[in-house]
Asker: 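Mind looking over this structure? Questions follow.
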Amino acid sequence: MVFTAQQIAGFCGGTVEGNPDAQVTTFAKIEEGTEGALSFLANLQYENYIYETKSSVVLVNKDFQPKQDIATTLVRVDNAYESVAKLLQLYQSMQQKRVGIDSLAFIHPTAKIGKDCYIGPFVAIGENVEVGDGCVFHPHVTIGANAKVGCNTEIYSNAVIYHDCVVGNNCILHAGCVIGADGFGFAPSANGYEKIPQIGIVTIEDNVEIGANTCVDRSTMGSTYVRKGVKLDNLVQIAHNCEVGQNTVMSAQVGVAGSAKIGEWCVFGGQVGVAGHLSVGDRTRVGAKTGITGGNLARKGDCTLMGMPAIESKKWSRNAAVLRNLSSLQQEVEQLKKELEELKNK
């Protein structure tokens with residue numbers, strides 16, 4: 001597939017600065033650009049590469065002001081990062097899609113499979129499963145009995161959807177993720193811990209992407225919910241009876257304990273932990289390694305949190321600055337104590 005700079009500008013609503021007929025056939029990072037490649041510059045930390053890149057076309061923000069001459073053709077757009085994302089989606093949508101059911105797949109006779117699906121080798125689909133049109137199941141996917149998968153959802157190898165769970169339309173489930181394993185529910189007794197049956201399900205709504213080896217546990221009763229547009233990174237744990245609000249994103253190794261409610265449009269950095277039965281308000285931004293253990297700050301939302309336990313990020317930064325100097329402050333205190341003793345003795 002070949003695109004010109006002018007076609008790219010038209011698709012992205014941008015303007016061309018240079019050769020409008022410059023052609024691209026692939027994508028490349030700006031520091032690794034080659035002839036025929038399309039690159040982008042969104043972070044000025046990489047600005048030095050634009051003066052030497054071999055890429056034929058580079059997407060830049062409209063307000064970008066070069067400090068020296070640029071040989072390549074520029075396409076100026078409102079947001080270079082968003083524009084390259086749209087172009088990558090367009091490129092992916094134009095790839096030929098596989099269809100058909102491999103002879104080595106197992107599909108229970110009671111299962112219903114939609115049109116134009118691809119079911120790879122060693123996929124196992126249980127009884128009464130419903131699969132929508134245009135789905136792609138890579139090898140070794142397992143779908144438990146009575147589960148439902150919407151249209152145009154892609155599930156990668158070794159992912160498992162347990163019985164009765166629901167996955168919506170246009171979702172992506174990456175390799176090894178598990179939807180609907182038992183929640184971690186045990187009742188202490190004189191003889192140890194008695195397992196509490198987890199008879200609920202998991203509901204994954206539309207346009208959700210779930211990373212490799214991420215787990216979303218089924219509820220004790222009712223459903224664990226991952227709402228529309230949520231993006232979960234690799235190695236994320238969503239416990240039983242949780243709800244993750246629309247368009248929230250979570251980076252790797254986030255852990256959300258049972259019955260926690262996460263609002264809409266939240267952003268969690270890596271290794272954030274949320275204690276059970278808490279509520280986190282809409283548009284809460286949480287820095288890496290933060291522990292949310294309670295308090296009204298997280299509940300009200302629209303704030304940025306850091307630290308353990310979580311506090312407002314500016315306050316955490318001030319505290320961190322003091323912490324860096326803690327050893328010297330201790331020395332000063334010890335010196336002052338010594339001087340005070342000397343004064344007392346006099």
Side-chain angles (χ1 to χ4, degrees), residues 162 164-168 171 173 177-188 193 195-211 213-313 316:
Y162 276 47
D164 300 312
C165 293
V166 178
V167 177
C171 293
L173 275 58
C177 76
V178 178
I179 308 301
D182 279 1
F184 194 66
F186 298 91
Y193 292 90
K195 182 176 178 61
I196 300 172
Q198 307 291 294
I199 62 173
I201 65 169
V202 171
T203 302
I204 308 292
E205 296 187 344
D206 298 345
N207 302 310
V208 169
E209 183 161 350
I210 297 178
N213 295 322
T214 283
C215 297
V216 183
D217 289 349
R218 70 193 312 112
S219 60
T220 308
M221 292 175 281
S223 183
T224 301
Y225 288 99
V226 178
R227 298 298 189 184
K228 294 178 181 178
V230 166
K231 314 299 180 189
L232 303 180
D233 198 0
N234 305 330
L235 298 168
V236 170
Q237 163 67 22
I238 306 297
H240 60 187
N241 297 94
C242 286
E243 179 174 351
V244 181
Q246 291 186 27
N247 299 309
T248 282
V249 296
M250 296 181 177
S251 297
Q253 299 183 6
V254 166
V256 182
S259 299
K261 308 297 181 187
I262 311 300
E264 300 178 0
W265 291 101
C266 294
V267 179
F268 284 17
Q271 297 187 334
V272 166
V274 181
H277 304 275
L278 297 183
S279 294
V280 176
D282 296 346
R283 300 183 183 277
T284 299
R285 301 163 296 279
V286 188
K289 292 183 177 292
T290 295
I292 300 176
T293 58
N296 294 325
L297 192 60
R299 190 181 303 114
K300 74 175 185 178
D302 197 19
C303 59
T304 302
L305 305 177
M306 290 286 292
M308 172 64 187
I311 59 176
E312 198 274 330
S313 62
W316 180 89

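Note that this is a predicted model, so its numbers are computed, not measured.
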Asker: Give a yes or no answer on whether the side chain of Ser223 reaches the backbone of Thr203 with a donor-acceptor pair at less than 3.5 Å.
Answerer: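 Yes, the answer is positive, given that a donor and an acceptor are paired below the 3.5 Å cut-off.
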Asker: Flag the pair Val254 / Asp233 as yes when at least one side-chain heavy-atom distance between them is below 4.5 Å, and no otherwise.
Answerer: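 They are not in side-chain contact.
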Asker: Output yes when a side-chain donor or acceptor of Asp182 lies under 3.5 Å from a complementary backbone atom of Pro197, and no otherwise.
Answerer: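 It does not hold such a pair.
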Asker: Do the side chain of Ser259 and the main chain of Cys242 share a donor and acceptor less than 3.5 angstrom apart?
Answerer: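 Here the side-chain-to-backbone pair does not exist.
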Asker: CD1/Ile210 to CG/Leu173 distance, rounded to the nearest 0.5 angstrom?
Answerer: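 Going from CD1 on Ile210 over to CG on Leu173, the span is 4.5 Å.
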Asker: Is any side-chain heavy atom of Ile199 closer than 4.5 Å to a side-chain heavy atom of Met221?
Answerer: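 Side-chain contact under 4.5 Å: yes.
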Asker: Can you confirm whether Gln253 sits close enough to Leu235 that some side-chain heavy atom of one is under 4.5 Å from a side-chain heavy atom of the other?
Answerer: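 Yes. Closest side-chain heavy atoms under 4.5 Å.
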Asker: To the nearest 0.5 Å, what is the distance between SG (Cys171) and CG (Asp206)?
Answerer: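 Here the interatomic distance stands at 6.0 Å.
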Asker: Let's go through Asn234 and Asn213 carefully: what are the C-alpha distance in whole Å and the side-chain angles of both, what is the deciding distance for side-chain contact (heavy atoms from CB on, under 4.5 Å) to 0.1 Å, and is it a yes or a no?
Answerer: CA-CA 6 Å; Asn234 305 330; Asn213 295 322; 5.9 Å; no
Asker: Just jot down the side-chain hydrogen bond (donor to acceptor under 3.5 Å, both in side chains) partners of Arg285, sequence neighbours excluded, or say none.
Answerer: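 Arg285 satisfies side-chain hydrogen bond (donor to acceptor under 3.5 Å, both in side chains) with Thr304 only.
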Asker: Give, for atom CG of Leu297 and atom CG of Leu305, the distance between the pair rounded to the nearest 0.5 Å.
Answerer: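 Atom-to-atom, Leu297:CG and Leu305:CG are 5.0 Å apart.
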Asker: How far apart are the closest heavy atoms of Asn247 and Trp265, and which atoms are they?
Answerer: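 Taking Asn247 first and Trp265 second, the nearest heavy atoms are ND2-CZ2, 3.3 Å.
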Asker: Report yes or no: does Arg227 contribute a side-chain atom to a donor-acceptor pair with the main-chain N or O of Val244 at less than 3.5 Å?
Answerer: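 Not a single qualifying donor-acceptor pair exists.
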Asker: Report yes if the side chains of Val256 and Val274 come closer than 4.5 Å at any heavy-atom pair, otherwise no.
Answerer: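 Counting from C-beta outward, Val256 and Val274 do come under 4.5 Å.
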Asker: Check Thr293 against Ala275 and note the closest heavy-atom contact, atom names and distance.
Answerer: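 Nearest pair, atom of Thr293 first, then Ala275: CA-CB, 4.1 Å.
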Asker: What heavy-atom pair brings Arg218 and Cys165 nearest, and what distance separates the two atoms?
Answerer: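 Shortest heavy-atom contact: NH1-SG, 3.8 Å.
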Asker: Would you indicate whether the side-chain heavy atoms of Cys303 and Glu312 approach each other to under 4.5 Å?
Answerer: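 Contact flag for Glu312/Cys303 side chains = no.
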Asker: How long is the span from the CG atom in Asn241 to the OG1 atom in Thr220, to the nearest 0.5 Å?
Answerer: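 Taking CG in Asn241 and OG1 in Thr220, the distance rounds to 4.5 Å.
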Asker: Can you name the nearest heavy-atom pair linking Met306 to Gly287, along with the distance?
Answerer: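 Shortest heavy-atom separation between Met306 and Gly287 comes out as SD-CA, 3.2 Å.
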Asker: Would you mind reporting whether Val280 and Phe268 have side-chain heavy atoms less than 4.5 Å apart?
Answerer: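 Side-chain contact under 4.5 Å: yes.
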Asker: Can you tell me how far the CD atom of Glu264 sits from the CG atom of Asp282, to the nearest 0.5 Å?
Answerer: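 The CG atom of Asp282 is 5.0 Å from CD of Glu264, to the nearest 0.5 Å.
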Asker: If you define the side chain from C-beta out and look only at heavy atoms, does anything of Met250 sit under 4.5 Å from Thr214?
Answerer: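 In short, these two side chains do not touch, never coming nearer than 4.5 Å.
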Asker: Of all heavy-atom pairs between Ala252 and Val236, which one has the smallest distance, and what is that distance?
Answerer: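 For Ala252 and Val236, the tightest heavy-atom pair comes out as CA-CG2, 4.4 Å.
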Asker: Cut-off 3.5 Å, side chains only: do Lys228 and Gln246 have a donor facing an acceptor?
Answerer: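 No pair is found: no donor N or O on one side chain lies under 3.5 Å from an acceptor on the other.
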Asker: Should the pair Lys231-Glu209 be classified as a salt bridge under the 4.0 Å nitrogen-to-oxygen rule?
Answerer: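 Judged by the 4.0 Å cut-off on N to carboxylate O distance, Lys231 and Glu209 do not form a salt bridge.
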Asker: Flag yes if more than 12 heavy atoms outside Phe184 fall under 6.0 Å of its CZ atom; otherwise flag no.
Answerer: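 Open: at most 12 neighbouring heavy atoms sit under 6.0 Å from CZ of Phe184.
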Asker: Could you check Glu243, Arg299, His277 and say which one makes a side-chain contact (heavy atoms from CB on, under 4.5 Å) with Lys261?
Answerer: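 For Lys261, the side-chain contact (heavy atoms from CB on, under 4.5 Å) check succeeds only for Glu243.
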Asker: Rounded to the nearest 0.5 Å, what separation is found between the CD1 atom of Ile311 and the OG1 atom of Thr290?
Answerer: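 Here the interatomic distance stands at 9.5 Å.
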Asker: Any side-chain heavy atom of Met308 within less than 4.5 Å of one from Lys289?
Answerer: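 Not touching, per the 4.5 Å side-chain cut-off.
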Asker: Which atom pair, heavy atoms only, marks the closest approach of Tyr162 to Val178?
Answerer: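 Residues Tyr162 and Val178, closest heavy atoms: CE1-CG1, 3.6 Å.
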Asker: Test of understanding: with side-chain hydrogen bond (donor to acceptor under 3.5 Å, both in side chains), list the residues that count as partners of Gln237, not counting sequence neighbours.
Answerer: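 Applying side-chain hydrogen bond (donor to acceptor under 3.5 Å, both in side chains) to Gln237 gives Asp217.
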